[in-house]
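A, B, ... follow the sequence lines: proteins, then strands. Residue 1 opens every chain. Below, each value reflects all heavy atoms present in this structure, side chains not excepted, and no hydrogens, waters or symmetry copies.
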Amino acid sequence: MNNPEIPKHSDFIRDIVTEDVRNNKYKGSVQTRFPPEPNGYLHIGHSKSICLNFGIAKEFGGLCNLRFDDTNPSREDVEYVDSIKEDVRWLGFDWGDRMFYASDYFEQLYQYAVELIKIGKAYVCDLNADQMREYRGTLTEQGKESQYRNRSVEENLDLFQRMRAGEFPDGSHTLRAKIDMTSGNINMRDPVIYRVMRQTHHRTGDKWRIYPMYDFAHCFSDSIEKITHSICTLEFEDHRPLYDWFLDQLGVYHPQQIEFARLNLSHTVLSKRKLIQLVEEGYVSGWDDPRMPTIAGIRRRGYTPESIRNFCERIGVAKRDSTVEMPLLEYCIREDLNKSASRVMAVLRPLRVVIENYSENQTEELDAINNPEDPGMGMRKVPFSRVLYIEQDDFRENPPKQFFRLAPGREVRLRYAYFIKCTGVVKDEQTGEVIELRCTYDPTTRGGDAPDGRKVKATLHWVSAGHALNAEVRLYDYLFTKATPGEDSGDFKTDINMDSIKALKNCSVEPGLAGAAPGSRYQFERLGYFCVDPDSSEQKLVFNRIVTLKDTWAKVEKTIKKNEGPK
RNA sequence: UGGGGCGUCGACAAACGGCAAGUCAGGAGUUUUUGGAGCUCCCAUGUGGAGGUUCGAAUCCUCCCGCCCCAGCCA
């Protein structure tokens, strides 16, 4: 993209960037970065940041780097860098040849630290962690200065070099910035900038025995990469004075840090700590469990990258803490799939229907539309025969007033097929459960219209029992029963929805679905959007329900029940 | 009781001293061979509160109230 686009929806960050470009700040260039720490899987909250950073770069004719903030080898791993790359790519963004690691800059960062020592702005401190905490003060009390604060430049240089050389054990020494122990901003109370950590790093191996802290590494990494706008979340607002301080001390290229409110989503959790608990304690099957808000989970569930990008655009960007309701995300995937997904008929809970006046040996092929929203997607044939399955939910022996579907004596349409009328109900002698319906069909209604113009109030989906494929369909509900998990109890796990997955193993789908590839998405007519799971095989299809269709009847039924309730 | 932020509809979110956008959710209707989709309409005499400035305030000023973040050698 050579020419900047006019952003469709602006926000306060784009306003700042627009202004900066207009004023020719940074020579009018725009360079952003997405800087994950490779210590966990990306989730939908990260996609907000990804869309923001890559989106702004694209809109303003700039570039966005992918940079791994890998300054703490004790918690990071290549497993995560691989998943992060895959997820960003899947979302549709391209960092070109600009994939960087903070660890690429370790030598340069070390030199910057030496510079800081030389100008008397950093010192080696021998305080241990407990002492440092004590010296730091509290939110309301000032800190006090370390007795090591006034070491000579020479001594600091010597000690720092020996820290690097591995002469000291973990935790024995730190390099600290010399700022102000009385600052109201705790980040400015002589923060640690290097710690001794004798840990093998996933990229630099055993080369380093000291590692820089976030505040020190991040601003200089941004500076080295000539980032113009360093966009991060609100909790780093307090760190901005430090970010600026480091860069100012050394007089190097100075990007601008801008903070925005991270995404919160109702009925789920978006913190690495909580997500890892769900995985490790077995509440879900893994990082890519379709109920997880991770990019990997959402992808397996069947969400499209387009729908996620769209979601990120709709939620906006601001500085106010907020929680977006899950139905907005669901709206975004329905909107996308309504236009693009092939329609197909699938019966989740089959109820056997015998068409008594349809001959036993006959089969015919009926024409069905693949997508009414897009005629270009064409037509297909679906087989019809004497024995069919319909949805159990589509029959009621004693229908409430607003129930339009099949009931004894009532006529309905089978989609793309015929009108049928229910003439009998077969029940299990033991349980009384309805196990079969006897019906008749009207041969003149082939295709679904009656020549005499009579109407039916419902159209049902169905499959031909003798032709259908067996499939497993996994239905998902919210992972948490409360919009804000743990709001009442303080522990998010008390609100885990123990009924968030239902695997239906005896579903029947139309034969055209044979061989459907993992990842392909369909609308099961009247039910929702479904995606073929990687667990699927030639022998057995497995589908994930991405999201239901909007269900007006369910809503009506709910109010019926509510009104009957108090009696 | 230190420092930094933030308060506009049930949920998001515009507005940049001049008629409180839009979206999701919700409601009503229309249409329909998906109770889907579409289309139409409704949903903030009011912007946390109280004062003030102004012809005019969500916007500027003062005070108050509420919420979030910070006391890792995490990011």
Give a yes/no answer on whether the side chain of [X] brings an N or O atom under 4.0 Å of OP1 or OP2 in [N].
X      : N      : value
A:R176 : B:rC73 : no
A:T71  : B:rA75 : yes
A:R136 : B:rC73 : yes

Check your understanding: Looking only at heavy atoms, which two atoms of A:V124 and A:D126 are closest? And how far apart?
Key ->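 Looks like CG1-OD1, 4.1 Å.
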
**Study point:** Nucleotide of B:rG2, B:rU34, B:rA75 approaching A:I186 most closely (side-chain heavy atoms)
**Key:**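 Of B:rG2, B:rU34, B:rA75, B:rG2 is nearest to the side chain of A:I186.
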
Review point. Counting only heavy atoms not in A:K272, do more than 12 sit closer than 6.0 Å to its NZ atom?
Key: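 Count over threshold, so yes.
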
Taking the [atom1] atom in each of [N] and [M], what is the distance between them to the nearest angstrom?
N      : M      : atom1 : answer
B:rU32 : B:rC39 : C1'   : 12 Å
B:rC16 : B:rA21 : P     : 12 Å
B:rC41 : B:rG22 : P     : 11 Å
B:rA20 : B:rA44 : C1'   : 7 Å
B:rC70 : B:rU8  : C1'   : 28 Å

Check your understanding: With a non-hydrogen cut-off below 4.0 angstrom, is A:F404 in contact with a base, only sugar-phosphate, or nothing?
Key ->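 A:F404: base contact, heavy atoms under 4.0 Å.
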
**Study point:** Side chains of A:S74 and A:N72, donor plus acceptor under 3.5 Å
**Key:**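 Yes.
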
